[in-house]
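Structure first, commentary second.
Hydrogens, waters and symmetry mates are skipped; everything else that's a heavy atom, side chains included, is used. Remember, it's 1-based here, ligands and their atoms both numbered in the order they're listed.
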Amino acid sequence: MVRRLLAARAGVLTERVAALAGASVVVATALVRDGRVLAAQRSRPPELAGQWELPGGRVEAGESEPDAVARECREELGTDVRAIGRLGTDLPIAPGLLRVHRAEPAPGAAEPRALEHSALRWVGADELADLDWVAADRAVLADLTELLTGR
Ligand code: 523
């Protein structure tokens with residue numbers, strides 16, 4: 001409980017420092033369905049192309065993180081999702097910090113499509129280690145495993 005409170009405080013602080021420094025907050029979506037998470041293969045930039053990520057992107061000015069998650073999933077995957085809470089801690093990335101949000105498909109949502117990625121794949125806990133993840137996302141694999149297995 002105390003650890004969670006401290007982590008939450010640290011999260012708010014990191015976000016403020018990032019905002020002051022003009023850095024971006026990027027959201028990533030852990031979209032889970034039937035015990036699998038949706039992984040997306042990046043098509044750009046060349047140095048990240050071919051690697052897998054949790055889909056997402058930069059939070060726009062005045063936008064909440066859950067709204068950014070929903071917008072990015074509409075833009076990149078053509079599907080509606082509902083963000084339902086954070087996963088893991090803030091992860092440092094070149095543009096600022098990456099914050100992972102758990103999400104579920106909205107009722108009646110369309111099957112995700114790779115509108116901006118090279119490929120999509122629903123991945124079970126036992127397959128997470130098989131993918132070549134972008135560096136920041138690799139740091140959340142333990143939390144993802146826990147999320148998918150309930151352990
Ligand atoms: N990451 C990252 N992991 C991850 C995402 C969604 C993004 O490490 N799951 C990094 C990759 C880029 C930066 O965050 O360095 C921005 O992600 P991007 O390119 O997907 O977001 P956009 O498209 O909103 O930002 P622009 O590239 O500025 O258009």
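- Ion pairing of E127 with R36 is present here, as a side-chain N (NZ or NE/NH1/NH2) and a carboxylate O approach within less than 4.0 Å.
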What are the distances between nitrogen or oxygen atoms of ligand 1 and protein nitrogen or oxygen atoms, counting only those under 3.5 Å?
residue, atom, partner, partner atom, Å
ligand 1, 3 (N), D137, OD1, 2.7
ligand 1, 9 (N), L54, O, 2.7
ligand 1, 9 (N), D137, OD1, 3.2
ligand 1, 9 (N), D137, OD2, 2.8
ligand 1, 19 (O), R42, NH2, 3.2
ligand 1, 20 (O), R42, NH1, 3.1
ligand 1, 23 (O), R44, NH2, 3.0
ligand 1, 24 (O), R58, N, 2.9
ligand 1, 25 (O), R58, NE, 3.2
ligand 1, 27 (O), R44, NH1, 3.4
ligand 1, 28 (O), R58, NE, 2.7
ligand 1, 28 (O), R58, NH2, 3.3

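- Under the 4.5 Å side-chain heavy-atom criterion for ILVMFWY residues, no single connected hydrophobic cluster contains both L38 and V140.
- Checked by atom type and distance alone, the side chain of E63 pairs as donor or acceptor with a backbone atom of E60 at under 3.5 Å.
- With R86 contributing its side chain and V100 its backbone, the two residues share a donor-acceptor pair below 3.5 Å.
- Cation-pi geometry between R42 and W52 is not met at under 6.0 angstrom from the ring centre and within 45 degrees of the axis.
- Clustering ILVMFWY residues whenever any of their side-chain heavy atoms sit less than 4.5 angstrom apart, transitively, puts L31 in a cluster other than the one holding V37.
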